[in-house]
Each structure stands twice: as C-alpha cells, then as structure tokens.
There are 2 protein chains.
Amino acid sequence: MAYNVMSATCPSRVVLHRIGARWTVFVVNALAEGPMRFSDLRTRIQGITPKVLTETLRSMEADGLLTRTAYAENPPRVEYDLTELGLSLLGPLRAVREWAEAHVPEILAARDRS
Amino acid sequence: MAYNVMSATCPSRVVLHRIGARWTVFVVNALAEGPMRFSDLRTRIQGITPKVLTETLRSMEADGLLTRTAYAENPPRVEYDLTELGLSLLGPLRAVREWAEAHVPEILAARDRS
DNA sequence: GTGCCCGGTATCAAAACCATACCGTGATCA
DNA sequence: TGATCACGGTATGGTTTTGATACCGGGCAC
C-alpha cells in the first residue's frame with residue numbers, strides 16, 4: 001500500500017537499490033534457464049569475478065530471491081535456484097535485458113554524435 | 001544482430017551498464033509525466049544530490065535518452081524531456097519500479113529471517 | 001548595492017566494484 | 001603415499017561510483 005520510490009525514506013527505495021545492484025539482472029536472467037552451480041553461473045555470466053558473484057548471490061539469498069543448496073560431496077557442489085519471488089522479478093529484468101540488447105545501435109550512434 | 005549481455009565484450013554490456021546506473025530508473029519514471037526542469041526533478045526524486053542528478057542527466061543526454069533545452073532567461077530555465085528512445089525504455093523501467101513498490105513486504109520479511 | 005532564484009560545480013569521504021592471487025577439502029591417480 | 005585436481009569460494013589492494021556538504025555566477029527586483 002502506497003509505497004513510492006520517489007520518497008527518500010520509503011522502504012521501496014531499499015528494495016530498488018538491491019535489485020538495481022549491477023549484477024542482479026545477470027543472475028536472474030541466467031537462472032531463468034533453471035538451477036545452476038556456482039561455476040555454471042561464472043561461466044554463463046562472462047567477466048564476473050568470483051568475489052562479486054558471491055556477494056551478489058549472498059545478498060539475493062538474504063532477500064529471498066534465490067535459494068542456495070550445498071551438497072556434502074567432494075568436490076563440493078552448490079546449486080542456486082530462483083524462488084517464486086525471484087521468478088516474479090524475471091519479467092521486469094528480462095525486459096531490461098532485452099531492451100539493452102535491442103537498442104545497441106541507437107545508443108552507440110547517440111554517443112558517437114556527442 | 002545477436003547481441004548478448006552475457007558476453008563480456010558484447011556492446012550490449014555497455015548499454016546495460018548505462019541504463020543500470022543507480023538513478024536512471026528514477027529519472028525515466030519521473031520524466032514519464034512530461035518535461036521537467038532541473039529543480040522539478042530534484043524535488044520529485046527526493047534525496048538525489050544535484051551533482052549526481054547532473055551526471056545522470058548528462059549521461060542520458062549523451063545516450064540519446066533525453067533532451068536538454070536551456071532557455072536564455074533569468075533566472076535560468078532548463079527543461080529535460082524524454083526522447084522517443086527514452087520513452088521506449090519507460091516500459092521496462094516502470095516495470096522495475098512497480099516491482100520494487102509491490103514486493104516490499106516479502107523482501108523485508110526475507111531479510112528479517114536471515 | 002544587497003539579496004534572491006536557478007542550475008549547476010568543487011571538494012572531499014564512503015561505498016561499490018574489479019583484478020589477481022590464493023586456500024581447504026577430499027577424491028583420484030601415479 | 002604423496003602429488004594433483006575440481007570446486008566453491010576468500011584475501012588483498014586498487015579504481016570507479018556514489019554521496020554529503022558547501023559554494024558559485026549572472027541577472028533582476030528592491
């Protein structure tokens with residue numbers, strides 16, 4: 001009821017700040033294909049460092065966006081999977097991803113002009 | 001063709017990086033209501049500092065997402081307005097905003113549990 | 001000629017992010 | 001039995017973004 005991100009003190013600000021973290025959009029889009037292991041994510045999301053991936057996953061887990069399941073095997077196996085909440089975020093974040101992929105030429109052209 | 005944000009060197013990465021900047025989502029959602037002056041934006045987007053607002057606006061202007069029109073009046077008047085490209089970004093970014101406003105209780109509850 | 005309005009800058013501090021190297025645990029293999 | 005490997009991370013140190021606070025320049029009204 002009546003949450004508004006334009007208000008500095010509204011809790012939705014915190015939420016937006018979290019889902020706006022640089023790598024959340026990558027993780028959500030990657031896990032859209034199904035559960036993945038840490039190394040799968042690292043391979044799929046090229047260029048992410050293990051430290052930042054760990055931090056992103058831990059934060060998303062704390063926010064209830066995904067689950068982390070560690071199996072007592074060796075070598076270790078850890079699986080990450082979107083929760084229902086995380087899945088509900090996929091709609092918006094897939095749209096953002098698709099927008100980025102669809103508008104590369106326009107953005108690059110605008111940058112060149114300026 | 002075939003842009004893919006998961007590839008570290010794909011230009012769509014740069015685009016996603018830009019539109020994922022912390023305040024872009026606020027500016028686009030604010031300007032959805034129509035053109036605004038600098039001080040209007042500052043008032044509407046509570047808590048943004050003038051420095052960061054300026055940087056965000058300059059970057060978005062360079063990317064062709066909005067236009068900046070300065071009138072030779074005094075006191076000065078500067079209007080910002082979404083371009084067609086910026087308007088096309090409103091769909092995705094409004095969805096993100098609405099998701100944040102809609103899921104505050106779940107996120108806060110998950111944080112409390114952990 | 002003093003003070004106000006507007007659209008910003010300047011300066012410095014904190015937080016987020018990144019590159020690179022390294023670690024602990026068992027299983028596997030020579 | 002001792003060296004090696006896979007996996008899921010940490011440690012360390014530097015750069016980039018973001019933030020808080022203060023200040024500025026130019027007209028115009030008084």
Side-chain angles (χ1 to χ4, degrees), chain A residues 5-10 13-28 30-31 35-63 66-81 111 114, chain B residues 5-10 13-28 30-31 35-63 66-81:
Chain A
V5 296
M6 297 301 174
S7 163
T9 54
C10 181
R13 262 293 168 85
V14 180
V15 172
L16 189 50
H17 192 262
R18 296 267 176 67
I19 67 179
R22 199 119 291 168
W23 294 98
T24 304
V25 57
F26 291 92
V27 172
V28 170
L31 290 180
M36 285 194 190
R37 306 173 60 160
F38 188 87
S39 48
D40 292 335
L41 285 166
R42 224 182 135 177
T43 304
R44 189 96 185 55
I45 307 171
Q46 288 181 30
I48 194 170
T49 66
K51 182 187 173 217
V52 171
L53 179 54
T54 300
E55 287 168 358
T56 304
L57 291 170
R58 293 277 194 275
S59 175
M60 290 176 67
E61 187 191 5
D63 284 336
L66 52 77
T67 57
R68 176 183 185 278
T69 310
Y71 298 90
E73 303 174 0
N74 209 285
R77 183 161 63 98
V78 178
E79 292 222 316
Y80 292 94
D81 196 10
R111 275 275 157 180
S114 61
Chain B
V5 296
M6 296 300 174
S7 163
T9 54
C10 181
R13 265 289 170 87
V14 179
V15 173
L16 189 50
H17 192 265
R18 297 268 177 66
I19 67 179
R22 199 119 290 168
W23 294 97
T24 304
V25 58
F26 292 92
V27 172
V28 170
L31 290 179
M36 284 193 191
R37 305 173 62 161
F38 187 86
S39 48
D40 292 335
L41 285 166
R42 223 182 137 177
T43 304
R44 190 95 184 58
I45 307 171
Q46 287 181 30
I48 194 170
T49 65
K51 181 195 170 213
V52 172
L53 180 53
T54 300
E55 287 168 359
T56 304
L57 291 170
R58 295 277 194 274
S59 175
M60 292 177 66
E61 187 192 5
D63 284 336
L66 52 77
T67 57
R68 176 182 184 278
T69 310
Y71 297 90
E73 303 174 359
N74 209 283
R77 183 162 63 98
V78 177
E79 293 222 315
Y80 293 93
D81 196 10

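What you see is a predicted model; the values in this text were computed from it and never measured.
- Atom CD1 in Ile45(A) sits about 14 Å away from atom P in dG8(D), given to the nearest Å.
- The interatomic distance linking Asp40(A) (CG) with dG9(D) (C1') rounds to 15 Å, in whole Å.
- In this structure, Ser59(A) contributes its side chain and Thr56(A) its backbone to no donor-acceptor pair below 3.5 Å.
- Taking side-chain N and O atoms only, Ser39(A) has a distance below 4.0 Å to OP1 or OP2 of dG8(D).
- In this entry the distance linking CG of Leu57(B) with C1' of dG7(C) reads 11 Å, nearest Å.
- Residue Tyr80(A) is classed as a sugar-phosphate contact, given heavy-atom separations below 4.0 Å to backbone atoms only.
- In this structure, the CD atom of Glu73(B) is 12 Å from the P atom of dC6(C), given to the nearest Å.
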Test side chain to side chain contact (heavy atoms under 4.5 Å, CB included) applied to Ile48(B) and Phe26(B), step by step: CA-CA 10 Å; Ile48(B) 194 170; Phe26(B) 292 92; over 6 Å; no

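- Here the closest non-hydrogen pair linking Glu79(A) and Pro35(A) is OE1-CB, 4.2 Å.
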Write down the protein N/O and nucleotide N/O pairs, taken from nucleotides 16-20 of chain C, whose separation is under 3.5 Å; answer none if there are no such pairs.
residue : atom : partner  : partner atom : Å
dC17(C) : OP1  : Arg22(A) : N            : 3.3
dC18(C) : OP2  : Trp23(A) : NE1          : 2.5
dC18(C) : N4   : Lys51(A) : NZ           : 2.5

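- At distances below 3.5 Å, at least one donor-acceptor pair connects side-chain atoms of Asp40(B) with backbone N or O atoms of Arg37(B).
- Distances shown here put every side-chain N or O of Arg37(B) at or beyond 4.0 Å from the OP1 or OP2 atom of dC6(C).
- For Arg58(B) and dG8(C), the shortest distance from a side-chain N or O to OP1 or OP2 is below 4.0 Å.
- For the pair Arg18(A) CZ and dT18(D) C1', the computed distance is 17 Å after rounding to whole Å.
- Taking both residues in full, the closest heavy atoms of Arg13(B) and Met6(B) are given as NH2-O, 3.4 Å, listed atom of the first, atom of the second, then distance.
- Not one N or O on the side chain of Arg44(A) forms a donor-acceptor pair closer than 3.5 Å with the backbone of Ala30(A).
- One can place CG of Leu53(A) at 16 Å from P of dA11(D), the figure rounded to the nearest angstrom.
- The separation between Met36(A) atom CE and dG9(D) atom P is 16 Å, rounded to whole Å.
- Between Thr54(A) and dG9(D), a side-chain N or O to OP1/OP2 separation shorter than 4.0 Å is absent.
- Distance CZ (Phe26(B)) to P (dT18(D)): 12 Å, rounded to an integer number of Å.
- In this structure, the side chains of Phe38(B) and Thr54(B) come closer than 4.5 Å at one or more pairs of heavy atoms.
- Rounding to the nearest 0.5 Å places CZ of Arg42(A) at 15.0 Å from CE of Met36(A).
- Here the side chains of Leu57(B) and Val27(B) are in contact, with some heavy-atom distance below 4.5 Å.
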Footprint string (nucleotides 24-30 of chain C, 5' to 3'): B base within contact, S backbone only, - free, heavy atoms under 4.0 Å: -BBS---

